[in-house]
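Below you'll find the structure, written out as structure tokens, and then a few comments.
What you see below is based on every heavy atom in this structure, not just the backbone, and it leaves out hydrogens, waters and symmetry mates. Since the structure is predicted, the reported quantities are computational estimates derived from the model, not experimental observations.
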Amino acid sequence: MEQVAEEAVEVPVGAVAVGVSSRFWKQHEEESTLALFTPFLVCLGAGDLDSQSFRHCLSQNLFFFQAFLRVYDQLAAEEYLFRSEEIRSIIRSFRDYLAHNILPGYGRVFQNWGLEPPNDGSIHRATAEYRDFLLKIASGEVLGGSPERRAVYTLAAIVSFLKLYQHLADIIEAYSLTSSNHIYKIWINFFSSKEIQKLAEGNEYLLDQLSLRYLCYGEVELTNGLYHRAMELQLKFFASQPISRPTVVPLARTQDLNKVTIFSDFDMTCSVNDSVAILGKLVVFKSAFSPYPSYVLSGVLKNLSCRYIQGFTECIKRITSSSVPGEAFDYNGLKEATEEVAAYEKWSNDLVANLMILKNLDLDAIKLAGRYYHPLQKGCREFFEKIVNNENPKFDVHIISYCWSGDLIRTAFSPGLDTVLNIHSNELATEVCITTGKTLTTGEIVKKVESPFEKLETFRKILEDHKRSSSSNNSGGGQGKHLKVYIGGEVGDILCLVEADIGIVLGSSTNLVKLGKHFGVSFVPLIQGLVENQMGLGFWRPLCGTLYTVGCWAEVQAFILGL
């Protein structure tokens with residue numbers, strides 16, 4: 001029987017994940033990773049999850065598999081579901097494969113923990129929510145539609161589950177977070193097994209084929225919505241798992257933590273585009289007050305941009321080729337090398353100011369460009385909105401940027417955040433035009449943050465102000481840790497990143513990684529750092545030479561605030 005089932009679920013070579021299933025996963029894969037930042041999976045990866053929490057999750061997973069059996073039976077029983085017996089036969093093969101190959105393997109996980117299968121009274125609310133969602137799709141309560149369409153919608157919700165669990169297990173294994181004697185390794189191995197992979201691939205293949213055959217474009221997008229909703233319910237499931245011990249996530253609820261100061265770069269960290277590019281467009285299309293015609297300005301700007309990029313790359317190359325790379329973190333060497341970067345940045349700013357390229361820009365136009373043409377990275381605004389509204393622990397937020405215009409940054413965060421975020425940047429000097437009454441730039445840059453050292457000076461000054469304020473306001477209570485988090489991704493951020501308790505690298509440049517590694521800086525995925533901290537193998541501290549990498553703002557939010 002097992003052999004028959006395994007052959008029946010075999011997927012044609014080259015036919016896996018080439019249709020909607022692949023597109024759905026790519027669209028939501030980034031979000032799926034957020035489950036790794038839940039206390040449950042961090043503790044599971046660290047191997048210090050309490051046994052009661054693990055037993056609870058293990059029992060709840062069985063309800064999901066039982067729900068899959070029910071909907072497979074329901075779909076296979078539809079006499080008029082398909083014009084041929086072939087598709088119903090494939091669905092029955094999924095049911096048989098689950099019943100005879102996967103569930104026995106999951107039963108062995110139960111046996112190893114001395115558990116009895118759960119009864120209906122022990123189902124968790126989050127478990128029931130996904131199970132009921134799946135059953136309602138299969139019965140037509142959610143979107144209705146023909147039996148064929150209900151089959152597609154149901155498969156989408158199942159595929160979302162299987163891909164998510166397989167993805168999470170693979171990541172935990174890939175980061176070598178589990179040793180051979182890891183007490184929860186059998187659970188991780190189960191969800192990264194070839195059996196789960198086979199079932200996932202079979203469901204994906206059938207989802208692709210039926211979508212192509214039965215769905216129009218609008219219905220494909222509805223299916224995508226169901227796929228995403230199923231994933232959201234699973235993230236909610238992981239986030240709701242009971243944990244009885246202290247955890248390192250989310251940071252906002254870490255014990256003995258009194259204050260968190262969050263620093264962030266702006267260009268290419270918060271924003272999608274570099275602010276220089278935005279100002280450059282305004283320069284080209286500015287008013288007739290300009291001393292240069294637009295085609296001349298465009299050529300000058302293009303030439304300056306190419307010279308800057310080439311010169312900066314050569315600067316990093318000179319630094320890294322002038323000494324032997326070190327294995328241990330060398331802060332003094334890094335700081336000394338950064339002086340050459342600082343000199344280059346200041347020279348570039350002086351060149352722009354001397355050429356008067358930024359003269360006669362309309363301040364109102366700068367503000368409009370910031371608000372409507374300088375978009376933030378996905379998830380950035382949501383993160384800062386939640387941060388400024390969070391009161392436990394008290395958060396303090398600062399943006400430290402090389403940007404030439406603080407107005408451009410403030411309006412990029414408008415409406416709402418522009419008045420509550422502390423912005424530290426350069427400014428463009430302005431004056432009122434007597435003829436038009438408009439506020440125009442003079443071409444001068446009011447230089448406040450030009451180099452990595454000015455960023456570091458600003459960073460340190462803010463912390464000193466906090467320290468003085470805390471000392472004067474302290475009345476004997478409110479003592480606790482004060483963690484400093486810096487988020488950036490460019491060479492200009494490197495000194496602040498390594499001096500923060502937690503330096504988070506988002507969208508890092510090749511130059512940053514090259515310079516950092518030359519002086520012994522380690523770049524570690526944030527989730528790996530969290531698990532190691534949970535295991536007690538490390539702790540958050542400045543100047544340790546370790547920076548933590550993330551792929552998106554959602555990961556930062558999951559780490560600091562939770563899902």
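- Ring centroid separation for the pair Phe266 and His374 comes in under the 6.0 Å cut-off.
- Looking at heavy atoms from C-beta onward, Ile319 lies in side-chain contact with Phe519 at the 4.5 angstrom threshold.
- Annotation: the span from Asn422 atom CG to His398 atom NE2 amounts to 4.5 Å, rounded to 0.5 Å.
- Taking the salt bridge (charged side-chain N to carboxylate O under 4.0 Å, His left out) definition, one finds that Glu427 meets it with Arg410, sequence neighbours left out.
- The backbone N or O of Leu49 lies less than 3.5 Å from no partner atom in the side chain of Ser53, so there is not a single donor-acceptor pair.
- There is a side-chain donor-acceptor pair under 3.5 Å between Glu454 and Ser451.
- Between the Thr261 side chain and the Lys484 main chain, no donor and acceptor come within less than 3.5 Å of each other.
- Side-chain N/O atoms of His228 and Glu31 include a donor and acceptor closer than 3.5 Å.
- In this structure, the side-chain contact (heavy atoms from CB on, under 4.5 Å) partners of Pro375, at least two apart in sequence or on a different chain, are Val272, Asn273.
- Counted within 6.0 Å of CZ on Arg253, heavy atoms from surrounding residues, nucleotides or ligands total 12 or fewer; the atom is thus considered open.
- Listed by chain and number, the residues in a side chain to side chain donor-acceptor pair (under 3.5 Å) with Ser192 are Glu173 (sequence neighbours excluded).
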Listing, residues 553-563 side-chain donor-acceptor contacts under 3.5 Å, not counting sequence neighbours, or none:
unit_1 : atom_1 : unit_2 : atom_2 : d
Trp553 : NE1    : Thr269 : O      : 2.8
Glu555 : OE2    : Gly551 : N      : 3.0

Next on the checklist: Assess the residue pair Tyr402 and Glu450 against the criterion (side chain to side chain contact (heavy atoms under 4.5 Å, CB included)); give the C-alpha distance rounded to whole Å, side-chain angles, the decisive distance to 0.1 Å, and a yes or no.
Outcome noted: CA-CA 6 Å; Tyr402 282 174; Glu450 286 193 274; 5.9 Å; no
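- Counting only residues at least two apart or in different chains, side-chain hydrogen bond (donor to acceptor under 3.5 Å, both in side chains) contacts with residues 233-243 comprise His56-Gln241, Glu129-Lys236, Tyr165-Gln234.
- Scanning for salt bridge (charged side-chain N to carboxylate O under 4.0 Å, His left out) contacts around Glu340 gives Arg318, with sequence neighbours left out.
- Not counting sequence neighbours, the partners of Leu257 by the side-chain contact (heavy atoms from CB on, under 4.5 Å) test are Leu251, Thr254, Val260, Pro393, Lys481, Leu483.
- At most 12 non-hydrogen atoms from other residues, nucleotides or ligands lie less than 6.0 angstrom from CD of Glu336.
- Without hydrogens or angle criteria, Thr338 side chain to Val341 main chain gives no donor-acceptor distance under 3.5 Å.
- Rounding to the nearest 0.5 Å gives a distance of 5.0 Å between CD1 of Ile494 and CG of Leu512.
- Leu41 has its side chain within reach of Thr38: a pair of non-hydrogen atoms, C-beta onward, lies under 4.5 Å apart.
- Sorted by first and then second residue, the ring pair (Phe, Tyr, Trp, His ring centres under 6.0 Å) pairs involving residues 312-334 (not counting sequence neighbours) are Tyr308-Phe312.
- Counting heavy atoms from C-beta on, the side chains of Asp493 and Tyr486 come closer than 4.5 Å.
- Checked by atom type and distance alone, the side chain of Asn389 pairs as donor or acceptor with a backbone atom of Glu385 at under 3.5 Å.
- For Lys461, the salt bridge (charged side-chain N to carboxylate O under 4.0 Å, His left out) partners are Asp465, not counting sequence neighbours.
- With sequence neighbours excluded, the residues satisfying side-chain contact (heavy atoms from CB on, under 4.5 Å) with Thr546 are Ser522, Val524, Cys544, Tyr548.
- The aromatic rings of His167 and Trp25 stand perpendicular to each other, their planes meeting at an angle above 60°, with 30° marking the opposite boundary.
- For the residue pair Ser323 / His518, a side-chain donor-acceptor distance below 3.5 Å is found, with atom types taken as modelled.
- When each of Thr441, Asn349, Asn426 is tested with Trp404 by the rule side chain to side chain donor-acceptor pair (under 3.5 Å), just one qualifies, namely Asn349.
- We find that Arg371 and Asp418 are not joined by a salt bridge, their nearest charged nitrogen and carboxylate oxygen being 4.0 Å or further apart.
- Within a 6.0 Å radius of CD in Gln377, more than 12 heavy atoms belonging to other residues, nucleotides or ligands are found.
- A salt bridge does not link Arg541 with Asp501: every distance from a Lys NZ or Arg NE/NH1/NH2 to an Asp or Glu carboxylate oxygen is 4.0 Å or more.
- Classified by interplanar angle (parallel below 30°, tilted 30° to 60°, perpendicular above 60°), the ring pair His466/His482 is perpendicular.
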Next on the checklist: I'd like to know whether Ile409 forms a side chain to side chain contact (heavy atoms under 4.5 Å, CB included) with Leu421, so could you lay out the CA-CA distance, the side-chain angles of the two residues, the decisive distance to 0.1 Å, and finally the verdict.
Outcome noted: CA-CA 10 Å; Ile409 297 176; Leu421 295 180; over 6 Å; no
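- Legend: residues meeting side-chain contact (heavy atoms from CB on, under 4.5 Å) with Asp274, ordered by chain and number and at least two apart, are Asp267, Met268, Val276.
- Shortest non-hydrogen contact noted between Cys43 and Thr247 is SG-CG2, 3.4 Å.
- Lys514 meets the salt bridge (charged side-chain N to carboxylate O under 4.0 Å, His left out) test with no other residue; sequence neighbours excluded.
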